[in-house]
Number of protein chains: 2
Amino acid sequence: MVSSSLRLPSLTSLLFPATTRYPATLRRTLCLRNRPLSGFATAPSGTASPETKSSEVDRLRSDRAVTPRSQDFNAWYLDVIASAELADYGPVRGTMVIRPYGYAIWEAIQDYLNVKFKETGHSNMYFPQFIPYSFIEKEASHVEGFSPELALVTVGGGKELEEKLVVRPTSETIVNHMFTQWIHSYRDLPLMINQWANVTRWEMRTKPFIRTLEFLWQEGHTAHATPEEAEKEAKQMIEIYTRFAFEQTAIPVIPGRKSKLETFAGADITYTIEAMMGDRKALQAGTSHNLGQNFSRAFGTQFADENGERQHVWQTSWAVSTRFVGGIIMTHGDDTGLMLPPKIAPIQVVIVPIWKKDTEKTGVLSAASSVKEALQTAGVRVKLDDTDQRTPGWKFNFWEMKGIPLRIEIGPRDVSSNSVVVSRRDIPGKAGKVFGISMEPSTLVAYVKEKLDEIQTSLLEKALSFRDSNIVDVNSYAELKDAISSGKWARGPWSASDADEQRVKEETGATIRCFPFEQTQGTKTCLMTGNPAEEVAIFAKSY
Amino acid sequence: MVSSSLRLPSLTSLLFPATTRYPATLRRTLCLRNRPLSGFATAPSGTASPETKSSEVDRLRSDRAVTPRSQDFNAWYLDVIASAELADYGPVRGTMVIRPYGYAIWEAIQDYLNVKFKETGHSNMYFPQFIPYSFIEKEASHVEGFSPELALVTVGGGKELEEKLVVRPTSETIVNHMFTQWIHSYRDLPLMINQWANVTRWEMRTKPFIRTLEFLWQEGHTAHATPEEAEKEAKQMIEIYTRFAFEQTAIPVIPGRKSKLETFAGADITYTIEAMMGDRKALQAGTSHNLGQNFSRAFGTQFADENGERQHVWQTSWAVSTRFVGGIIMTHGDDTGLMLPPKIAPIQVVIVPIWKKDTEKTGVLSAASSVKEALQTAGVRVKLDDTDQRTPGWKFNFWEMKGIPLRIEIGPRDVSSNSVVVSRRDIPGKAGKVFGISMEPSTLVAYVKEKLDEIQTSLLEKALSFRDSNIVDVNSYAELKDAISSGKWARGPWSASDADEQRVKEETGATIRCFPFEQTQGTKTCLMTGNPAEEVAIFAKSY
């Protein structure tokens, strides 16, 4: 089942056992292919001549090499996405096609969160994506925040529409329009729903998974009778995201509160989880908003309380998106390609059978099938790569590029000794390779499960230590500037004005990522003003 | 888990134990609420005065009554959708909000089909919904079929776009655009993918679930090296849909081939499953297209075959949508409301505890919880309705309206005798009620599972006999006209021209629904022309 769900149709087409490396050209090719419609704005501009032969394009595209991460992080990121077949550019500038392997990661994210949402009392439903333009204008800060990014439908069924329609950038407005019809009394509250949907934001600078014109997400929307309940809900959901990030994706996010300037257009408070990518830029990986009564007042979403008095509801909304896939790539990937945490990996173990003579083949394949069967039965997501069109070495590289946590090799000698070789994706070369693991199902299954757990833990620890070694505690603006200019995050006491925050942004390129929930004790002095401060803030450059 | 997934937030708001029946007014109210944006085109036009008080609206909306099905099928359908809280109108004409209970049915459809698609080698992925207008024009019959129904984005990020974008009505064009980049050689084939997505078609006459401006569906797209493989795939998928309809939804669809006139715009052959609704109109419930080389030629989707020669791929596409939810409602529903086949029911069993005195309450609730626990552990989707805000009678009606297959009643006397009362939704009144079923978990679980199976079978048999008693074999145009005018389906030999088919449509309102796969033996004479005919066709009025 797992292997069929991961049948990668174009797998054989993109990666050939080429030995020459053309990373830059590969990227040019990627870009070239999208040239007529201009491709992603941040993709390097194409320099390959338009008459590049398609056979050459094929050859270039089929190269497995990626730009070294340390050399050019952005180029590395795009190379990994192309080579691991995660996504491709759509024909319209800034749009993305999510390919089966990238989509399988998104499905793993969905599977986990969907259960958590339901466990906490939310129901899935679906709202139309077309929103009357007038709705967007109803909440003042919301329209200010979103109007530059809107895609508008102006023609339908061959006719100019009387009112233009917004393709949803987010659904608070239409949700409130419907809530007014479903909420009458306190007995209708809390109303807690979620939808999995596509959203459109007309972004100028795009990057696959991180920022695209259209993306996939879930958006939760709730209405409550009291501000306390709404606050509790907003915090509960950021807590669910935090646990998801740590436990499933091995991304040690920092949960906290956004500054006023960075708060969602229409919210009273925005909670966020901030992740440090491999280039030390911050990625906002999920948000949960306490909307207060901003939308309920704009839309008149009221209920009769227990005394029969009409009150406006208190609301929240919260979302994570396909951006999370980008976060996983940029947290764990290395020069060899993608590296997936076992819990989120569509394939946890790949089995590569090795034989030279035809006489060896039957025994090796039969052993490999038994091993696959044993692991699958034990609930391990396993793929047996038994094609004879590729060499074992090619397969090793290919599945490493795909970030499969564990590889099991089975050759004729292993069959004789009834054992296998197990290699860890996260420990390169011989150090990560263990010989002579018994093929006996219960032994092997236990070993594999233990290793998968170890890898999961190890990826988190590595990311955690990377994160912590790149956060600098600062007590002055000079120290903050030093930290930022050396590429790190700065954490320091902050009680200065919005104008000061804006100045930091303009002068350093860094923004307040959050006031983290986890605060240091003791008296604090604002790094900017020297005034007393209640909290430390984290500053960083971000995606 | 199950019950939390089905927490129905606005459940308490819409249905109050009112006794007066206001079916027509209810419908007017539904319509009225959407008046500013005109609502669904086919909804009866509102006659309630605009100044209807909102308190009255609440009261009307909260009425549980539905128009009798026999009296006005369309009104009944809309009433059931409103009262069972399946869907609501969106603010834009012809759009629909799928409410949690309706969405849960869609999720059940998704869960089943998603597994089947993966088992048969398809991978999920995601294509952008914005398609350059020029793409749509590339396949001649495709543009002819779809251009009247397009929604166009003409403004993005505050600027008029150079090329207007089509909001996908279906994805063959963009899929082919991408396939040209992924398919190079025969080794890349077959390429078999699916996406779950929203689609937009600017329909003039809309009806919730059946035909809406935006709807949810899955669309499968495959590319093959030979026409035989494509044909096999197209047939495999209509077979999967057929089995799904019969086995899961208890809808005895008739699978077959569309006539040339009714074939999908861009396909060589369209296979369909046709379902007979309660009003005997046909519903096209799913289609699978053999696209031949129509799109691959238009887009240049080629591969190098084993001899190195460039060939165009052979393709299929296939889809079912949220329309299926409408089909379930209109196949099984009755005057009491929705009736769900157990296999697709989000809640299979509802437990209603009954007590009068507070002294009885603890014992009854404790027994009810144990029963719930036992059923849940056995994998039955069960809901315990233990609110004390509603009477048992109210709850009976409410859950019957929601179509829950089985109800378990537990009162003080049942607790004493360690037994329960079980009522079937599909057999009204006392005939469907069995007393004294032991509460002992293994006995009860076995009984419940057996009854659920019986209900599933019974619903299918009932629908099958209804269907078969409403299909008339005809051998002349006169007989066909008689059958159609009496509201039935006509089945007869057909080898006449497209013009004749068009004439039947104009004169009777019926179209060829399909040439069914299951054909009668023997020589046939075309009912229209008297010429030899190879096949019988089924004619019916349809949605």
Side-chain angles (χ1 to χ4, degrees), chain A residues 1 4-10 12-13 33 37 58 88 90-92 95-100 103 107 118-119 121 123-130 132 135 148-149 151-158 165 167 174 177-178 181-185 187-188 190-193 198 202 204 214 216 389, chain B residues 1 4-10 12-13 33 37 58 88 90-92 95-100 103 107 118-119 121 123-130 132 135 148-149 151-158 165 167 174 177-178 181-185 187-188 190-193 198 202 204 214 216 389:
Chain A
M1 207 98 101
S4 72
S5 82
L6 285 159
R7 181 166 176 168
L8 303 165
S10 53
T12 48
S13 71
R33 288 188 296 122
L37 285 141
D58 287 0
D88 214 331
V92 175
T95 63
M96 168 176 68
V97 179
I98 307 180
R99 302 186 66 184
Y103 197 84
E107 286 181 312
K118 290 184 177 183
E119 279 176 2
S123 300
N124 285 334
M125 62 180 301
Y126 188 76
F127 291 87
Q129 74 164 342
F130 293 151
F135 280 25
E149 295 181 0
L152 302 180
V153 171
T154 61
V155 176
L165 303 176
V167 186
I174 192 166
H177 174 79
M178 298 312 299
Q181 298 172 46
W182 302 331
I183 296 172
H184 305 278
S185 94
R187 286 174 301 185
D188 303 325
L191 202 171
M192 298 161 73
I193 62 97
N198 55 343
W202 211 267
M204 282 302 111
E214 180 193 5
L216 303 181
Q389 296 190 337
Chain B
M1 201 100 99
S4 72
S5 80
L6 286 161
R7 181 169 175 164
L8 303 165
S10 51
T12 48
S13 70
R33 288 188 297 119
L37 286 142
D58 288 0
D88 213 331
V92 175
T95 63
M96 167 178 68
V97 178
I98 306 179
R99 301 186 67 182
Y103 198 84
E107 286 180 313
K118 289 183 177 184
E119 280 176 359
S123 300
N124 284 335
M125 61 180 302
Y126 188 76
F127 291 87
Q129 75 165 339
F130 293 152
F135 281 25
E149 295 182 0
L152 302 180
V153 172
T154 61
V155 176
L165 304 177
V167 186
I174 192 166
H177 175 78
M178 299 311 299
Q181 298 171 47
W182 301 331
I183 296 172
H184 305 280
S185 93
R187 287 174 302 185
D188 303 326
L191 202 170
M192 298 160 76
I193 62 97
N198 56 344
W202 211 267
M204 283 304 109
E214 181 193 3
L216 303 181
Q389 297 190 338

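Residue numbers start from 1 in every chain, and the chains themselves are labelled A, B, ... in the order their sequence lines are given, proteins ahead of strands.
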By side-chain hydrogen bond (donor to acceptor under 3.5 Å, both in side chains), which residues pair with Tyr126(B), not counting sequence neighbours?
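Per chain and number, Tyr126(B) pairs via side-chain hydrogen bond (donor to acceptor under 3.5 Å, both in side chains) with Asn198(A), Glu214(A), Arg168(B).
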
TODO: For residues Val97(B) and Trp182(A), determine if any side-chain heavy atom of one lies less than 4.5 Å from a side-chain heavy atom of the other.
DONE: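 Yes - at least one pair of side-chain heavy atoms lies under 4.5 Å apart.
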
Can you name the closest pair of heavy atoms from [X] and [Y] and give their distance?
{"X": "Met96(B)", "Y": "Pro128(A)", "value": "O-CG, 3.5 Å"}
{"X": "Pro91(A)", "Y": "His177(B)", "value": "CB-NE2, 3.6 Å"}
{"X": "Gly157(A)", "Y": "Trp202(B)", "value": "N-CG, 3.3 Å"}
{"X": "Ile98(A)", "Y": "Met125(B)", "value": "O-CB, 3.1 Å"}
{"X": "Phe130(A)", "Y": "Val92(B)", "value": "O-CG2, 3.6 Å"}

How long is the gap from OG1 on Thr95(A) to CG on Leu165(B), to the nearest 0.5 Å?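 Between atom OG1 of Thr95(A) and atom CG of Leu165(B) there are 9.0 Å.
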
Gap between atom CE of Met178(B) and atom CG of Asp88(A) - 0.5 Å precision: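 The CE atom of Met178(B) is 4.0 Å from CG of Asp88(A), to the nearest 0.5 Å.
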
